[in-house]
Amino acid sequence: MTQNPGSPVRKDKKSVEKYVDTNYLLPDYYNESYLIILPRDPLWMFACWEVTDKQREQIKKEYGKDIFEESQPILRVHDITDVEKFTGVNSKSYKDVPVFINVRCWYIKVDHPGRNWCVELGFKTKEGKFIMLLRSNIIALPLNKVSDNTFEQWLLMTEDYEKLLNLSGVGKMGAGSLEIVNSLAKRWEMSQRASSSTFQKINRAKKILEEK
């Protein structure tokens, strides 16, 4: 672990290359405007943001010094499922969630699971105009049910079969057991992708153990 110049540390006496962090706190602000959303479950996401003083001043110059006090801060939650390139106005639908901009984090509930989402932080004026400050990344929330696809078969590759077979001791005379080999054979015979050489090794091992 290398020494962090911004953190009070002490050197570990047992090693000249190891440092122990004694009192380093993550900063409350990074002085960078951002909006990030993260999936929580099929119907909820988490948003966190920061609006720098510089961006606030730019917004005040453009829309008036009282814009933050006279407008309602909102998170505009866009459903962008199957939208190739989101432009801010071509979402399937959206809904506005009132927030407190200085809180800087919010849980957002959506109406439908299994869809793609993008969020914009901004203000809605008294006239109903939306002023966007930040746009988030895009996330996909999972479905709230077991997949309908029942045709998936999760298989090991042939090389993995070979490794497991060798680890079981089949390659060593008497190292395995007939019970283990029979179990491996039943499982692997369900697969149509394994090579015939692998099955030959299994069957040969079974035969040797049966003759013992």
Side-chain angles (χ1 to χ4, degrees), residues 4 6-7 21 24-157 160 193:
N4 188 330
S7 173
D21 198 330
Y24 183 76
L25 299 176
L26 291 175
D28 292 329
Y29 300 93
Y30 290 92
N31 197 30
E32 179 181 352
S33 293
Y34 64 86
L35 170 59
I36 297 174
I37 56 175
L38 301 169
R40 196 195 77 167
D41 59 41
L43 291 174
W44 287 88
M45 69 179 81
F46 177 74
C48 59
W49 64 84
E50 180 179 339
V51 181
T52 62
D53 292 339
K54 182 179 180 181
Q55 186 177 14
R56 290 172 185 262
E57 291 302 317
Q58 290 176 343
I59 295 296
K60 288 180 181 180
K61 288 180 180 179
E62 188 172 353
Y63 297 99
K65 62 180 181 179
D66 298 325
I67 184 66
F68 286 85
E69 290 76 22
E70 296 181 353
S71 301
Q72 171 64 56
I74 62 171
L75 291 173
R76 178 158 288 186
V77 185
H78 293 273
D79 179 352
I80 59 169
T81 307
D82 298 325
V83 176
E84 292 186 5
K85 187 176 181 181
F86 177 55
T87 62
V89 295
N90 61 339
S91 58
K92 298 285 186 178
S93 63
Y94 69 82
K95 71 173 183 177
D96 293 338
V97 180
V99 296
F100 299 101
I101 194 167
N102 291 327
V103 171
R104 299 191 297 120
C105 59
W106 210 266
Y107 280 100
I108 305 170
K109 185 178 182 180
V110 298
D111 299 323
H112 305 286
R115 303 186 71 81
N116 298 341
W117 304 91
C118 184
V119 176
E120 294 175 322
L121 173 66
F123 287 94
K124 183 180 284 187
T125 66
K126 294 179 180 179
E127 296 76 27
K129 180 181 179 180
F130 177 65
I131 301 172
M132 188 190 73
L133 299 178
L134 300 168
R135 182 175 294 164
S136 76
N137 54 305
I138 296 172
I139 64 170
L141 293 184
L143 292 170
N144 59 353
K145 62 177 182 177
V146 177
S147 175
D148 295 326
N149 187 351
T150 59
F151 298 101
E152 291 288 350
Q153 295 186 14
W154 300 96
L155 302 172
L156 293 172
M157 299 300 290
D160 296 325
R193 299 183 185 179

_Under the salt bridge (charged side-chain N to carboxylate O under 4.0 Å, His left out) test, residues paired with Lys124 that sit two or more places apart_ = Asp96
*Heavy-atom distance under 4.5 Å between the side chains of Gln55 and Leu134, does that happen here?*
yes
*Over all heavy atoms of both residues, which pair between Trp117 and Val110 is shortest? Give the atoms and the distance, please.*
CZ2-CB, 3.6 Å
*In this structure, are over 12 heavy atoms from other groups packed under 6.0 Å from Tyr94 atom OH?*
no
*asked:* Once ring-ring contact (aromatic ring centres under 6.0 Å, His included) is applied, do any residues pair with Phe86, and if so which ones, sequence neighbours excluded?
replied: His78
*asked:* Any non-hydrogen side-chain atom of Lys129 less than 4.5 Å from a side-chain atom of Tyr63?
replied: yes
*Would a 4.5 Å heavy-atom cut-off, applied to side chains only, mark Met45 and Arg40 as touching?*
no
*May I ask you to check whether Ser33 and Thr52 show a side-chain donor-acceptor distance below 3.5 Å?*
yes
*Between Phe100 and Trp106, what is the ring plane arrangement, given parallel below 30°, perpendicular above 60°, and tilted in between?*
tilted
*asked:* Considering only residues two or more places apart or on different chains, which pairs with a residue in residues 41-57 satisfy salt bridge (Lys or Arg N to Asp or Glu O under 4.0 Å)?
replied: Glu57-Lys60
*State the OG-CG distance between Ser91 and Asn116, to the nearest 0.5 angstrom.*
12.5 Å
*Taking the side chain as every heavy atom from C-beta outward, state whether Leu141 and Leu43 have any atom pair closer than 4.5 Å.*
no
*Can you see which heavy atom on Ala47 is nearest to which on Ile37, and at what distance?*
CB-CG2, 3.9 Å
_Distance-minimising heavy-atom pair for Ile139 and Asn137_ = CG2-ND2, 3.5 Å
*With the side chain counted from C-beta on, respond yes when Ile74 and Val97 share a heavy-atom pair under 4.5 Å apart, and no when they do not.*
no
*Give the C-alpha distance, both sets of side-chain angles, the deciding distance and a yes or no for ring-ring contact (aromatic ring centres under 6.0 Å, His included) between Phe68 and Phe123.*
CA-CA 8 Å; Phe68 286 85; Phe123 287 94; 4.8 Å; yes
*Who pairs with Lys65 by salt bridge (charged side-chain N to carboxylate O under 4.0 Å, His left out), at least two apart in sequence or on another chain?*
none
_Test side-chain contact (heavy atoms from CB on, under 4.5 Å) on Ile101 and Trp49; report intermediate values, then the result._
CA-CA 9 Å; Ile101 194 167; Trp49 64 84; 3.9 Å; yes
*Heavy atoms only: give me the nearest Cys118-Ser136 pair and the separation to one decimal.*
SG-O, 3.5 Å
*asked:* Under the salt bridge (Lys or Arg N to Asp or Glu O under 4.0 Å) definition, can you give me all pairs with a residue in residues 80-92, not counting sequence neighbours?
replied: none
*Between Leu121 and Leu35, what is the shortest heavy-atom contact and its length?*
N-CD2, 3.6 Å
*Heavy atoms only: give me the nearest Gly88-Glu120 pair and the separation to one decimal.*
CA-OE2, 3.9 Å
_Listing request: all salt bridge (Lys or Arg N to Asp or Glu O under 4.0 Å) pairs with a residue in residues 103-117, at least two apart in sequence or in separate chains._
Asp79-Arg115, Lys95-Asp111
*CD1/Ile80 to CD1/Ile138 distance, rounded to the nearest 0.5 angstrom?*
3.5 Å
*Tell me, do Phe46 and Ile108 make a side-chain contact under 4.5 Å, heavy atoms counted?*
no
